[in-house]
Amino acid sequence: TFYDITTLAHELGHGFHYECLNNQTILNTDYTMPMAEAASMFCQTLATEKLLQNTTKENYFAILENDLMNFTQMLIEILARYTFETNLFERRKEGNIHVKELNQLLLNAQNFAYGDGLSEEKHPYMWICKPHYYFPDFHFYNFPYPFALLFSKGLTSMYREKKEDFTPLFEKMLTATGSNNVRDIFKILGVDSSDKQFYEMMQKWGLDPIKDLDKIYQIPFGGFLQKKDLNYYHEVIERHYDEMEAAKKSDTDGTGFLYQ
């Protein structure tokens, strides 16, 4: 199944990560939580893209739907788990917690994260079947997944751009995960994850990076605009939407624009 293939790719990513650390000293093999799922999510992303490129028209949208459902889990379900664990630790300070209260804490977290996006049939006992809650040395083992999902998208874009030059860079990055912090790991890829780029952008626009935050607009999924340019941004989005709708209407048999 699609799930089996992507799960295998995910776990092979973990295996490749450990292979890159194989020749490091034991003290340099323990990487930080944000990097824990980086290789696995990248491999999973590549496997999904390859499936989409080599499948039938009938399976294409099924694979795409499953991939979008995976995004939902990473970005929304993980928020529910984080909320549950946060509230759990706060409540535990007051004493032991009954099963019914654990269930309610989880339901409250799911309602917070999903809103009305879920049916009335929720999963109050998920705290039992998720082993991540029981790792004694890793509280909040949920953040690595959305971080790695977004990171893997950036890695995939870099992979397309650099092609054969990407692999040694990727291996070097994974090898450094046990001995460097995230910011220094990003530098291996040529990415500055500090606030430097943001400050340079604001200064280029003649804005104060602290006092003029009300003059900029954050674009969904990353990036910034000056609010004075917001109308142009919306015009571009609307034009692209109209072009997409026109392409959909012209693709009457499902073999044209949408599938390609």
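Computed from heavy atoms alone, side chains included, the values below leave out hydrogens, waters and symmetry copies. Counting begins at 1 with the first residue of the sequence.
- Listed by chain and residue number, nothing satisfies the side-chain hydrogen bond (donor to acceptor under 3.5 Å, both in side chains) test with Asp229 (two or more places apart in sequence, or in another chain).
- His123 pairs by the side-chain hydrogen bond (donor to acceptor under 3.5 Å, both in side chains) definition with nothing, not counting sequence neighbours.
- For residues 41-51, the set of pairs meeting the salt bridge (Lys or Arg N to Asp or Glu O under 4.0 Å) definition, not counting sequence neighbours, comprises Glu49-Arg160.
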Cut-off 3.5 Å, no hydrogens considered: what does the side-chain donor-acceptor table look like for residues 198-216, sequence neighbours left out?
residue: Asp208; atom: OD1; partner: Ile210; partner atom: N; Å: 2.8
residue: Asp208; atom: OD1; partner: Lys211; partner atom: N; Å: 2.9
residue: Asp212; atom: OD2; partner: Asp208; partner atom: N; Å: 2.6

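- Between Phe89 and Phe140, a ring centre-to-centre spacing shorter than 6.0 Å is recorded.
- Remark: Asn66 engages no residue in a side-chain hydrogen bond (donor to acceptor under 3.5 Å, both in side chains) (not counting sequence neighbours).
- For Asp242, there are no side-chain hydrogen bond (donor to acceptor under 3.5 Å, both in side chains) partners at least two apart in sequence or on another chain.
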Donor-acceptor contacts, no H, no angles, side chain residues 19-30, under 3.5 Å, sequence neighbours left out:
residue: Thr25; atom: OG1; partner: Asn28; partner atom: ND2; Å: 3.4
residue: Thr29; atom: OG1; partner: Ile26; partner atom: O; Å: 2.8

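- Among residues at least two apart or in separate chains, salt bridge (Lys or Arg N to Asp or Glu O under 4.0 Å) pairs with a member in residues 63-78 are Glu77-Arg81.
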Can you check side chain to side chain contact (heavy atoms under 4.5 Å, CB included) on Tyr18 and Tyr31, steps first, answer last? CA-CA 10 Å; Tyr18 286 120; Tyr31 42 75; 3.2 Å; yes
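- Partners of Phe147 according to the side-chain contact (heavy atoms from CB on, under 4.5 Å) rule, which considers only residues two or more places apart in sequence or in another chain, are Pro34, Met35, Phe143, Phe151, Val182, Phe186.
- Judged by distance alone, the side chain of Ser157 and the main-chain N or O of Lys153 form no donor-acceptor pair under 3.5 Å.
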As a quick check of understanding, evaluate side chain to side chain contact (heavy atoms under 4.5 Å, CB included) for Phe84 and Lys130, giving each step before the final call. CA-CA 12 Å; Phe84 165 72; Lys130 289 299 176 184; over 6 Å; no
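- Of the inter-residue distances, the one linking Trp127 atom CH2 with Asn103 atom CG reads 6.0 Å to the nearest 0.5 angstrom.
- Pairs of residues two or more places apart, or lying in two chains, that qualify as side chain to side chain donor-acceptor pair (under 3.5 Å) and include a residue from residues 169-188 are His17-Thr177.
- Summarising the geometry of Ala39 relative to Gly13, their closest heavy-atom pair is CB-O, 3.4 Å, with the distance given to 0.1 Å.
- To the nearest 0.5 Å, atoms CG (Leu149) and CG (Asn70) are separated by 7.0 Å.
- In terms of the side-chain contact (heavy atoms from CB on, under 4.5 Å) criterion, residue partners of Leu8 (sequence neighbours excluded) are, by chain and number, Leu12.
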I would like to know whether Phe42 and Phe16 meet side chain to side chain contact (heavy atoms under 4.5 Å, CB included); could you show each step before the answer? CA-CA 11 Å; Phe42 174 63; Phe16 182 70; over 6 Å; no
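- Side-chain contact check for Thr156 and Thr45: no donor-acceptor pair (N or O, by modelled atom type) lies under 3.5 Å.
- Residue pairs meeting the salt bridge (Lys or Arg N to Asp or Glu O under 4.0 Å) criterion with at least one partner in residues 96-110, sequence neighbours excluded, are Arg91-Glu101.
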